[in-house]
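Bear in mind that the values here come from a model prediction, so they are computed numbers and not experimental data.
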Amino acid sequence: MPKSAQNKALTPIQENKTLRIEAPATNSAGLGGLKATTTHALKYIKPGQILKITQNINQKGGFDCPGCAWPDPDDDRSVIGEYCENGIKAMAEEQQKTLIGAEFFANNSVDALAGYSDFELGKSGRLTEPMYLPEGATHYEPISWEAAFNKVATHLNALQSPDEAAFYTSGRTTNEAAFLYQLFVREFGTSNLPDCSNMCHEASGKALSETLGIGKGSVTLKDLHKAELVIVVGQNPATNHPRMLSALEKTKANGGKIIAINPLPEAGLMRFTDPKNPIKMLTGGTALSDVFVPVTINGDVAFFKAILLKLLEKEEVTGKVFDKSFIKQHTSGLNEFLEDLKTYNFEACLKASGVSKSTFNTVLDLILKKQKIVICWAMGLTQHENAVDNIRELVNLLLLKGSIGKEGAGTCPVRGHSNVQGDRTVGIWEAAPQAFLDKIEAKFGFKPSKKHGYSVIDAIKAMYNNHVKVFFGMGGNFISAVPDTAYSAQALANCNLTVHVSTKLNRSHLVTGKEALILPCLGRAEKDYQKTGIQIQSVENSMGIVSSTKGILEPCANTLLSEVAVVCGVANATLKHRTKINWLGYKDNYAKVRDAIEDVVSGFENYNEQLKQPAGFYLPNGARKREFNTKTGKANFSINKLPEWKLKPEELIMMTIRSHDQFNTTIYGLNDRYRGVFNERRIIFMNTNDMEKRGLKPQEIVNLKSEYQGVIREAKQFKIVPYQIPENCCATYFPEANVLVPLNSYAHTAKTPASKSVKITVEPIS
């Protein structure tokens, strides 16, 4: 009997008695990073490709790593290798030796594949030909590209309204593919463009747009190097953005200080040993954080409000804490902000943060003495119901210190996937501004829908309620990324057709609508042959630099298409005589796509010429120049409340996190080397005092339950790992624990899932 969509969506519980727990690491990269890099490269990549990949990844004129969005240096790049451990793991996943196609799927039913772990699915092999799952079938079967495009077109054209389709985008999609994708969706007639930014930094964009007039960070890589103080909040760069550690090492070399604020102590922010530097390898690396602040989960606003209260107190005594000239000339709302701040009690805020007085005073002393401050953050701040407040409170601190729009200071939201920021820039947005839509109309001669479309949360609900009947995913692993796994799986199963453009197998291919398509595409490192020759594409990194990316390997199969070719093929088949766009012309020559982007998107003047610059070019950024495109024309102070939630005696607050052997939903292995966890992913990190209160023991198997708005969700068979985490807090890996995250718990005004603050109970298995 076929498994339910819910069961297929869940990572199968596999008997594993080999969990090994060691003391957490206190140093990152080094020999361990070298060993992991070498092991993955030799095991999964063809020997003849390894040298080409390592010599060209993130190099000028080479290809952009499909992993994180950390920027490459503007000047010289390492000749030894401008990549990190997880970059090579990403390449080992994308360029793996094993190829799979019709024979593999004939031998493995969808139900059988659902029994694979996420690690096993990803390592099954590289997809090489389009596959189709007919209604009621148990196995995928091969289909031609033309038939696949016509299948999509038939379903889309049969809809009663274009709004009955949703078009998801992953952050690995290039600028060219993303622009054409959103252009097709808008010409088709909808704005339903949910994307992965809805689930990570949407709250950052919302908060920064309100306060500084641009939804991106304001710093460059050189600003990090020259900062007097870097505050890293809710982020684990050693796993998620490892090359950031090299930048922080330069901060330290230049005399800067670093504060790490996070519920868990992370090895990468303690000490970094650059594996490319023999001297560092011999001497044990560089100590990074000057102080670690173990804030309780979602205690960030409370902590920063306590800091702000003390800054105000010192300012009223000395008059030398605030940058009054900057505040007077460039900001708005100071008096209202200070009036609200004075209504809070310092001791209550500090208690709510979970931080000791001595640690607090060390942080305060550093902030008082420094004028060039950079604040970096990631999903530890953005995945809460009060996420927008979290980021706005950071901005308040920077505004008081005048640390915006000057060298060595500013905001640094660290984006996840390699081009998630670029996708938004070129139009992947369910709520695009009218000015952008007007330019689309002027350029292409059709009128885009003004109605805001579905974000990820809204799209899931619409599919669940049969309001969306076709789901199209441009990359990514949708079902493993989203919250409330069981509900979301049923939502996808309710569709008439689900389509995924992918390089390798993932769990989203097994949670299907009545019919399903898998469309295999080229990897970032592969040459993209079109009629006008090998094509160049472009991406935008976390700091607003647009650079070229060009494949250097032959495609692993001649049946693969580029993402651009897939979009153009679907658009041409769907719109036919109705279109006003020469889709096949764009497919043949990506330079024409960039010409179109130049005409529609501000900041891309002379796009093709600028892209020839070896290090790329910077997009305009008003906040860097103290030009704030807000309603007031200035940078805005904001009023932010403390989060209002209380735990019952039996409850813990849970956050989902990544292991060191994963990137987003991609599982590279079963180890979390830096946290000392090996051979298992279904684990829960707990404070030993919380374990004692509940009579729980290390490695005891427990079930986890969450209740929200009367609905109980359960994740079964997790093993307890004692860890240095604040009391009443715990952590689990995603996607295994996503089933516990309620769909209706999300950031106010941004709808980022609150995956970092889920109330749960831990229940022993009787």
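Identified under the salt bridge (charged side-chain N to carboxylate O under 4.0 Å, His left out) test for residues 179-201, with sequence neighbours left out: Asp195-Arg424. The side-chain hydrogen bond (donor to acceptor under 3.5 Å, both in side chains) analysis of residues 98-109, with sequence neighbours excluded, yields the pairs Asn108-Tyr116. Within the structure, side-chain hydrogen bond (donor to acceptor under 3.5 Å, both in side chains) pairs that include any residue of residues 444-467 comprise Asp163-Lys451, Glu441-Lys447, Ser455-Asp458, Asp458-Lys751, Lys461-Asn744 (at least two apart or interchain). Pairs engaging residues 43-63 under the side-chain hydrogen bond (donor to acceptor under 3.5 Å, both in side chains) rule: none recorded [sequence neighbours left out].
Remark: Phe734 pairs with no residue by the ring pair (Phe, Tyr, Trp, His ring centres under 6.0 Å) rule, at least two apart or across chains. Evaluation of the side-chain hydrogen bond (donor to acceptor under 3.5 Å, both in side chains) rule for Asn738 yields no partner, not counting sequence neighbours. With sequence neighbours left out, Arg524 forms a side-chain hydrogen bond (donor to acceptor under 3.5 Å, both in side chains) with Asp64, Ser418. Applying the side-chain hydrogen bond (donor to acceptor under 3.5 Å, both in side chains) criterion to Ser480, with sequence neighbours excluded, gives Asn477. Partners of His417 by ring pair (Phe, Tyr, Trp, His ring centres under 6.0 Å), not counting sequence neighbours, listed by chain and number: Phe663. Under the rule for a side-chain contact (heavy atoms from CB on, under 4.5 Å), the partners of Val739 that lie at least two apart in sequence or sit in another chain are Leu10, Thr485, Ala715. With sequence neighbours excluded, the residues satisfying ring pair (Phe, Tyr, Trp, His ring centres under 6.0 Å) with Phe149 are Trp145. Considering only residues two or more places apart in sequence or on other chains, Lys443 meets the side-chain hydrogen bond (donor to acceptor under 3.5 Å, both in side chains) condition with Asp599.
The OG1 atom of Thr574 lies 5.0 Å from the CG atom of Leu156; values are rounded to the nearest 0.5 Å. Rounding to the nearest 0.5 angstrom, the gap separating the CG atom in Asp423 from the CD1 atom in Ile428 is 5.5 Å. In this structure, CG on Leu670 lies 7.5 Å from CG on Asp661, to the nearest 0.5 angstrom. A distance of 13.5 Å separates CZ of Arg594 from CG of Asn606, quoted to the nearest 0.5 Å. The structure places CG of Leu99 at 12.5 Å from OG of Ser124, a figure rounded to the nearest 0.5 Å. Atom-to-atom distance recorded for Cys68:SG and Asn541:CG is 9.5 Å, nearest 0.5 angstrom.
Of the residues Arg172, Arg126, Lys123, the one that meets the salt bridge (charged side-chain N to carboxylate O under 4.0 Å, His left out) test with Glu94 is Arg172. For the side chain to side chain donor-acceptor pair (under 3.5 Å) with Ser538, the lone residue among Gln610, Lys550, Glu176 that qualifies is Glu176.
When all heavy atoms of Ser170 and Thr173 are compared, the closest pair comes out as O-OG1, 3.3 Å. Across Gly87 and Cys65, no two heavy atoms sit closer than the pair CA-SG, 3.8 Å. Scanning both residues, Arg415 and Val420, for their nearest heavy atoms gives CB-CG1, 3.8 Å.
Using a 4.5 Å cut-off on side-chain heavy atoms (C-beta onward), Tyr607 and Phe617 make contact. With a 4.5 Å cut-off on side-chain heavy atoms, Val600 and Phe444 count as touching. Val185 has its side chain out of reach of Ser191: every pair of non-hydrogen atoms, C-beta onward, lies at least 4.5 Å apart. Contact of the Tyr487 side chain with the Ile460 side chain is registered, since non-hydrogen atoms from C-beta on lie closer than 4.5 Å. Proximity of Phe184 to Thr579: side-chain heavy atoms (C-beta onward) are nowhere separated by under 4.5 Å. Using a 4.5 Å cut-off on side-chain heavy atoms (C-beta onward), Asp118 and Thr665 make no contact. Contact annotation: the side chain of Gln662 approaches that of Arg681 to within less than 4.5 Å [non-hydrogen atoms, C-beta and beyond].
Ring geometry, His241 versus Trp70: the interplanar angle falls from 30° to 60°, so the pair is classed tilted. The aromatic rings of Phe471 and His500 sit tilted relative to each other, their planes meeting at an angle between 30° and 60°. Relative ring orientation between Phe167 and Tyr181 is described as perpendicular, the plane-to-plane angle rising above 60° on a 0-90° scale split at 30° and 60°.
Comment: Glu554 engages Lys527 in a salt bridge, judged by a side-chain N to carboxylate O separation of less than 4.0 angstrom.
For Glu129 (side chain) and Leu127 (main-chain N/O), no donor-acceptor pair under 3.5 Å exists by modelled atom type. Looking at Glu141, its side chain never comes within 3.5 Å of a backbone N or O of Pro134 through a donor-acceptor pair.
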I would like to know whether Lys8 and Asp111 meet salt bridge (charged side-chain N to carboxylate O under 4.0 Å, His left out); could you show each step before the answer? CA-CA 7 Å; Lys8 290 176 184 175; Asp111 283 354; 3.2 Å; yes

Working note: Asn198 + Glu202, criterion side chain to side chain donor-acceptor pair (under 3.5 Å); need CA distance, chi angles, decisive distance, verdict. CA-CA 5 Å; Asn198 295 152; Glu202 196 72 57; 2.7 Å; yes

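Under the 3.5 Å distance criterion, with hydrogens and angles disregarded, a donor-acceptor pair is assigned to the side chains of Ser562 and Tyr590. There is a side-chain donor-acceptor pair under 3.5 Å between Glu515 and Tyr132.
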